[in-house]
Amino acid sequence: MVISMAKETMKLVANNKKAYHDYFIEEKYEAGLALHGTEVKSLRLGKCSIKEGFIRIENGEAFVYGMNISPYEKGNIFNKDPLRVKKLLLHKPEIRKLEGKMSEQGYTIVPLQVYFKEGRAKVEIGLAKGKKLYDKRQDIARKDQRREHERDFKIKNL
């Protein structure tokens, strides 16, 4: 008896590096995306931006705002508005947990990545708390220090 594990295929479409710079990401969730046909085709071509995106929970459902999926070139009349509000597919307990955290001061939900997993469009969302200016400065200083250590290490080992 042979049991083969299917290797998960994941194709990254969009990444939100700005979210890691502006927020402390405390928890991450994977959510499905409810899309129309031409939006999926455009995503497969990598035409997506989530830099200005954010997530709201309304009436027990999660929606992503500001996610830009460029119109599909050959889609003509079937293309939808690029900035259309898109529904996220999450389980009810996850939505209730996120809603509870959102009611606390300073928390928000941001999209971190858009990718295809086993042929399905997914969004990685993060429960985030805003950074202050001094937090950002500390992160930049830490990154510069690490880069300098790596450079020194490389020079010593040559």
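Bear in mind that the values here come from a model prediction, so they are computed numbers and not experimental data.
Annotation: side chain to side chain donor-acceptor pair (under 3.5 Å) contacts of Glu30 (sequence neighbours excluded): Tyr115, Lys117. Lys92 pairs by the side chain to side chain contact (heavy atoms under 4.5 Å, CB included) definition with Arg96, not counting sequence neighbours. Remark: Lys11 pairs with no residue by the side chain to side chain donor-acceptor pair (under 3.5 Å) rule, at least two apart or across chains. Under the side chain to side chain contact (heavy atoms under 4.5 Å, CB included) criterion, Arg137 pairs with Leu133, sequence neighbours left out. Qualifying side chain to side chain contact (heavy atoms under 4.5 Å, CB included) partners for Asp152, counting only residues two or more places apart in sequence or in other chains: none. The side chain to side chain donor-acceptor pair (under 3.5 Å) search around Arg142 returns Asp139, not counting sequence neighbours. Shown here are the side chain to side chain contact (heavy atoms under 4.5 Å, CB included) partners of Glu61, two or more places apart in sequence or in another chain: Phe63, Lys87. By the side chain to side chain donor-acceptor pair (under 3.5 Å) test, Asn59 pairs with no residue at all, sequence neighbours left out. Residues forming a salt bridge (Lys or Arg N to Asp or Glu O under 4.0 Å) with Glu150 (at least two apart in sequence, or on another chain): Arg146.
Separation of atoms NZ (Lys101) and CG (Leu127) is listed at 6.5 Å; rounding is to 0.5 Å. With rounding to the nearest 0.5 angstrom, the CG atom of Leu33 is 6.5 Å from the CD1 atom of Ile69. For the atom pair CE (Met67) and CD (Glu39), the distance works out to 8.0 Å, reported to the nearest 0.5 Å. Note that the CD1 atom of Ile125 and the CG atom of Asn16 stand 12.5 Å from one another [nearest 0.5 Å].
Applying the 6.0 Å contact sphere to CZ of Arg84 captures more than 12 heavy atoms from other residues, nucleotides or ligands.
Within the 4.5 Å cutoff, no side-chain heavy atoms of Val64 are placed close to those of Val123. In this structure the side chain of Leu98 reaches within 4.5 angstrom of the side chain of Leu90, judged on heavy atoms. Side-chain contact between Pro111 and Ile55 is present, with heavy atoms from C-beta onward closer than 4.5 Å.
In plain terms, the two heavy atoms of Cys48 and Ala14 that are nearest each other are O-CB, 3.9 Å.
For residues 40-54, every residue pair satisfying the salt bridge (Lys or Arg N to Asp or Glu O under 4.0 Å) rule, not counting sequence neighbours, is listed here: Lys47-Glu73. Residue pairs meeting the ring-ring contact (aromatic ring centres under 6.0 Å, His included) criterion with at least one member in residues 9-54, sequence neighbours excluded: Phe54-Tyr65.
For the pair Asn68 (side chain) and Ser49 (backbone), a donor-acceptor distance under 3.5 Å is absent.
In the hydrophobic clustering (ILVMFWY side chains linked at under 4.5 Å, chained through shared members), Leu83 stands by itself.
Under the 4.5 Å side-chain heavy-atom criterion for grouping Ile, Leu, Val, Met, Phe, Trp and Tyr, Tyr107 is connected to Leu88 within one hydrophobic cluster.
Checked options Asn15, Ile50, Ile25; the residue passing with Leu112 is Ile25 (criterion: side-chain contact (heavy atoms from CB on, under 4.5 Å)).
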